[in-house]
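Down below is the structure, laid out as C-alpha cells.
Computed from a prediction, not measured in an experiment: that's the story for all the values here.
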Amino acid sequence: MILISGPTAIGKTEVGIRVCQMLDKAEIISVDSRQIYRYMDVGTAKPSLEECQGITHHFLDCLFPTQSINAGEFARRAWIIINELTVRGVTPVLVGGSGLYWQAIIDGLYEEKSHHYRHRDKLKKRLKQFGIKSLYLELQKVDPVGSERVSERDSQRILRALEVFYDNGISLSQKWLKNEKNRSQPLGRGLMIAIQRPRPVLYGRINTRVDRMVKLGLVDEVKKLLCMYENIQIPPIDTIGYREIISYLNGRTDLNSTIEQVKQNTRRFAKRQLTLLSKDRRFRNLDIETNGIEDCASRIVEHYKRLDTRKSFDSIW
C-alpha cells in the first residue's frame with residue numbers, strides 16, 4: 001500500500017487521486033480525523049464528488065458528529081478495508097495528515113481490553129477546574145515521549161493519554177512501542193510519502209484556503225451544526241476552524257479577527273505536522289512545488305511498482 005501524508009493544505013488529495021488514476025486498480029482511504037464526520041464539509045476541506053474524480057474514497061461521512069472514534073478503532077476499521085482491497089487486487093492509497101491515525105494503521109496500537117474510561121469523569125472535572133494546560137503539563141511528566149505527539153490544545157487526546165496511564169501506570173507511548181515490536185499485521189509492499197512545499201508557500205496556501213472556506217459558508221456550516229445538536233456535546237467541532245467560529249458566533253470577537261485566528265492556528269498545526277513527519281525516517285519527501293502534481297504522482301507510482309513484495313515500510317528507497 002501507499003501512504004501519502006503531509007501538513008494541511010499541502011496538496012495531498014490531488015496527488016493521491018492522480019496516483020490512483022495512474023495505477024491499474026487503486027482506492028483511497030482517507031486518514032483524516034474529521035472528514036470521517038457528516039455535515040463537516042467546508043471546515044475539513046472534504047473533497048467533493050467532483051474533486052474525487054470517480055476514485056473511491058473510504059472513511060468520508062461515516063459517522064455523525066455525536067459519535068466518537070479513537071485511533072485504535074480507526075486502525076482496526078482501516079485494516080478491514082485494506083485487507084478486502086488487497087484480496088481484490090486493489091492498491092490501498094492512504095491519504096491524510098492525521099498523524100496519530102496513520103501511525104495507528106502503519107505501526108499498530110495496543111489492544112484495548114482495559115476499563116480506562118472509568119477515569120474520564122474525574123479528568124473532565126479537573127479539566128473544567130484547572131484548564132487544559134494543567135493536564136498537558138501532567139501528561140508531559142507521566143509520558144514525555146507521548147506528549148510530543150499531542151498538541152497542548154488537544155483536550156480529547158490529552159484526556160485519552162492520561163486515562164490510559166492511570167489505568168495501570170503504563171504510558172500510551174510505552175504501549176505503542178510494545179505493540180510495534182510485536183505487531184503481526186503484514187505490511188507487504190509499501191511506500192511512505194511526505195508531500196512538501198517551501199514553508200512560505202504552504203502558509204500562503206493555508207491563508208487562501210481559510211478565506212475560501214469562509215466564502216463557501218464555514219460560518220453557516222457551524223451554525224447548522226449547533227442548531228442540529230443543540231445542548232448536545234459534539235467533540236469534532238472543538239477543533240481548528242470550528243472552535244474559532246463558535247467564539248465569533250458567541251460574540252467574543254469580530255469576523256475578521258476570527259478569520260486571522262483560524263489562519264494562525266492552522267499554520268501552527270501545520271508546523272506540528274511537519275515536525276512529526278521529519279522525525280520519521282521512513283518517509284520519502286517529495287516537493288510538489290518543484291515537481292508538480294503529475295511528476296510527484298508518477299514518481300510514487302514508478303517506485304511503488306519497483307518494490308519487491310518482500311519489502312516493508314522500513315526498507316524502501
Side-chain angles (χ1 to χ4, degrees), residues 1-32 35-36 44-62 77-99 101-103 105-106 185-198 201-202 205 209 273-274 277 280-317:
M1 63 182 170
I2 300 170
L3 168 64
I4 301 174
S5 193
T8 184
I10 199 74
K12 301 181 295 292
T13 298
E14 294 91 336
V15 174
I17 289 173
R18 192 68 190 102
V19 166
C20 287
Q21 291 172 334
M22 291 181 178
L23 291 168
D24 294 332
K25 294 181 180 180
E27 296 180 8
I28 286 178
I29 297 177
S30 172
V31 189
D32 189 291
Q35 290 184 358
I36 194 172
T44 65
K46 188 182 298 176
S48 64
L49 286 175
E50 182 180 358
E51 291 170 330
C52 290
Q53 299 185 44
I55 301 299
T56 299
H57 281 61
H58 300 272
F59 284 148
L60 297 183
D61 297 326
C62 295
R77 296 189 186 191
W79 270 107
I80 291 174
I81 297 173
I82 290 169
N83 290 330
E84 188 269 334
L85 293 178
T86 302
V87 169
R88 292 197 286 114
V90 178
T91 301
V93 180
L94 281 58
V95 178
S98 295
Y101 281 32
W102 62 252
Q103 286 175 328
I105 296 172
I106 301 302
Q185 287 285 11
L187 294 176
R189 294 195 301 168
L191 286 177
M192 294 176 70
I193 304 295
I195 302 298
Q196 294 188 332
R197 292 183 191 267
V201 175
L202 173 61
R205 287 174 60 87
R209 172 182 276 188
Q273 289 178 302
L274 287 169
L277 292 169
D280 196 324
R281 296 182 179 180
R282 295 172 296 177
F283 276 102
R284 168 69 174 180
N285 297 322
L286 284 180
D287 191 327
I288 190 175
E289 192 69 21
T290 301
N291 301 305
I293 294 174
E294 191 74 15
D295 188 57
C296 282
S298 295
R299 293 186 182 203
I300 292 170
V301 172
E302 179 183 354
H303 285 282
Y304 177 70
K305 289 182 176 180
R306 287 181 180 177
L307 286 178
D308 185 89
T309 56
R310 292 168 296 178
K311 290 186 177 181
S312 71
F313 281 87
D314 297 322
S315 58
I316 61 178
W317 303 95

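- Atoms NE2 and OG1, from His57 and Thr13 in turn, are 6.0 Å apart once rounded to the nearest 0.5 Å.
- Remark: Glu50 CD is loosely packed, at most 12 non-hydrogen atoms of other residues, nucleotides or ligands lying under 6.0 Å away.
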Would Leu307 and His303 count as a side-chain contact (heavy atoms from CB on, under 4.5 Å) here? Give the steps.
CA-CA 6 Å; Leu307 286 178; His303 285 282; 5.9 Å; no
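- Taking the charged nitrogens against the carboxylate oxygens, Arg205 and Glu289 have no contact shorter than 4.0 Å, which rules out a salt bridge.
- With His58 contributing its side chain and Thr56 its backbone, the two residues share no donor-acceptor pair below 3.5 Å.
- Distance check, rounded to the nearest 0.5 Å: CE of Met1 to CH2 of Trp79 gives 4.0 Å.
- With values rounded to the nearest 0.5 angstrom, Arg197 atom CZ is found 8.0 Å from Asp287 atom CG.
- Applying side chain to side chain contact (heavy atoms under 4.5 Å, CB included) to Arg282 and the options Leu3, Leu191, Ile106 leaves one that passes, Ile106.
- When all heavy atoms of Gly16 and Val95 are compared, the closest pair comes out as CA-CG2, 4.0 Å.
- Taken to the nearest 0.5 Å, the CD1 atom of Ile105 stands 5.0 Å off from the CG atom of Leu94.
- Within the 4.5 Å cutoff, the side chain of Leu60 has heavy atoms near those of the Pro47 side chain.
- In this structure, Thr86 and Pro92 have side chains that are in contact, with non-hydrogen atoms separated by less than 4.5 Å.
- In this structure, Ile195 and Ile10 approach most closely via the heavy-atom pair O-CG1, 3.5 Å.
- Ion pair Glu14/Arg18 not flagged as a salt bridge, since none of the NZ, NE, NH1 or NH2 atoms sits closer than 4.0 Å to an Asp/Glu carboxylate oxygen.
- Nearest heavy-atom pair across Met192 and Asp280 is CE-OD2, 4.0 Å.
- Taking every heavy atom of both residues into account, Leu286 and Cys296 meet most closely at CD1-O, 3.8 Å.
- Residues Val19 and Tyr304 fail the side-chain proximity criterion, which asks for heavy atoms closer than 4.5 Å.
- The heavy-atom pair separating Gln35 from Ala45 by the smallest distance is NE2-O, 3.3 Å.
- Heavy atoms of other residues, nucleotides or ligands lying less than 6.0 angstrom from CZ of Arg281 number 12 at most.
- In this structure, Cys52 SG and Ile28 CD1 are separated by 7.0 Å, a value rounded to the nearest 0.5 Å.
- Side-chain atoms of Glu27 do not come within 3.5 Å of backbone N or O of Val90 as any donor-acceptor pair.
- Across every non-hydrogen atom of Gly97 and Lys12, the tightest pair is N-CE, 3.7 Å.
- Applying the side chain to side chain contact (heavy atoms under 4.5 Å, CB included) rule to Ala26 yields the partners Cys20, Leu23, Thr91, Val93; only residues at least two apart in sequence or on another chain are considered.
- The structure places OG1 of Thr8 at 10.5 Å from CG of Leu274, a figure rounded to the nearest 0.5 Å.
- Of the options Lys305, Arg306, Arg299, a side-chain hydrogen bond (donor to acceptor under 3.5 Å, both in side chains) to Glu302 is made by Arg306 and by none of the others.
- Asp32 and Lys46 are not joined by a salt bridge, as no carboxylate oxygen comes within less than 4.0 angstrom of a charged side-chain nitrogen.
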